Asker: 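Provided herewith is a single structure, encoded as structure tokens, for subsequent inquiry.
Only a predicted model underlies this, so the values are computations on that prediction, with no experimental measurement involved. Values below: all heavy atoms of this structure, side chains included; hydrogens, waters and symmetry mates excluded. Residue indices begin at 1 and follow the sequence shown.
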Amino acid sequence: MSKITKEELKGLQEIHNKLSAIRHDIGMLSGQIHSLNHMQADELAKQEEAKKKLVENYGNINVDLKDGSYTEMEKETK
């Protein structure tokens, strides 16, 4: 049976192992991205609900997130 050299085999195995590790990491990152997208959607929904409550309590306002102060928004004219 013909064989490549041990050094050649070792080089191919190293490349294969690195590619496998990269593919694994890509899969893990894809899963994390999926989870983060869901988390972001949840937070955006919470943000919209908070905005609705603020509009109910204060009308259309702009809130300064640094100190909680707010200013009323100008009404749009058409």
Asker: Between Val55 and Ile61, is there shared hydrophobic-cluster membership here, with clusters defined by ILVMFWY side-chain heavy atoms closer than 4.5 Å?
Answerer: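 Cluster IDs for Val55 and Ile61 differ.
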
Asker: Report the C-alpha distance between Ile26 and Arg23 in whole Å, list the side-chain angles of each, state the deciding distance to 0.1 Å, and finish with yes or no for side chain to side chain contact (heavy atoms under 4.5 Å, CB included).
Answerer: CA-CA 5 Å; Ile26 289 171; Arg23 287 183 189 114; 5.5 Å; no

Asker: With the threshold set at 4.0 Å, does a side-chain nitrogen-carboxylate oxygen contact exist between Lys46 and Glu43?
Answerer: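 Glu43 and Lys46: salt-bridged.
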
Asker: To the closest 0.5 Å, what do you measure between NE2 (His38) and NE2 (His34)?
Answerer: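 Rounded to the nearest 0.5 Å, the NE2-NE2 separation comes to 3.0 Å.
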
Asker: Roughly how far, to the nearest 0.5 Å, is OG of Ser30 from CG of Asp25?
Answerer: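 So the CG of Asp25 and the OG of Ser30 are separated by 10.5 Å.
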
Asker: Regarding Thr5 and Glu8, do their side chains bring together a donor and an acceptor under 3.5 Å, going by distance alone?
Answerer: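 Result is yes, a qualifying pair exists.
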
Asker: Decide yes or no on side chain to side chain contact (heavy atoms under 4.5 Å, CB included) for Glu14 and Asn17, but give the supporting numbers first.
Answerer: CA-CA 5 Å; Glu14 287 175 0; Asn17 290 338; 5.7 Å; no

Asker: Rounded to the nearest 0.5 Å, how far does CG of Asp67 lie from CG of Asp64?
Answerer: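 If we round to the nearest 0.5 Å, Asp64:CG and Asp67:CG are 4.5 Å apart.
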
Asker: Please report the C-alpha distance between Glu48 and Lys51 in whole Å, then the side-chain angles of each, then the deciding distance to 0.1 Å, and finally whether the salt bridge (charged side-chain N to carboxylate O under 4.0 Å, His left out) criterion is met.
Answerer: CA-CA 5 Å; Glu48 287 304 312; Lys51 284 181 182 180; 3.6 Å; yes

Asker: Measuring from atom CD1 of Ile33 to atom CE of Met28, what distance do you get when rounded to the nearest 0.5 angstrom?
Answerer: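 Rounded to the nearest 0.5 Å, the CD1-CE separation comes to 12.0 Å.
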
Asker: Please examine the side chains of Leu44 and Gln47, heavy atoms only from C-beta on, and report whether any two atoms are closer than 4.5 Å.
Answerer: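 Gln47 reaches Leu44 side chain to side chain.
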
Asker: Could you measure the distance from the CD atom of Gln32 to the CG atom of Asn37? Nearest 0.5 Å is fine.
Answerer: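 Reported to 0.5 Å precision, the distance equals 12.0 Å.
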
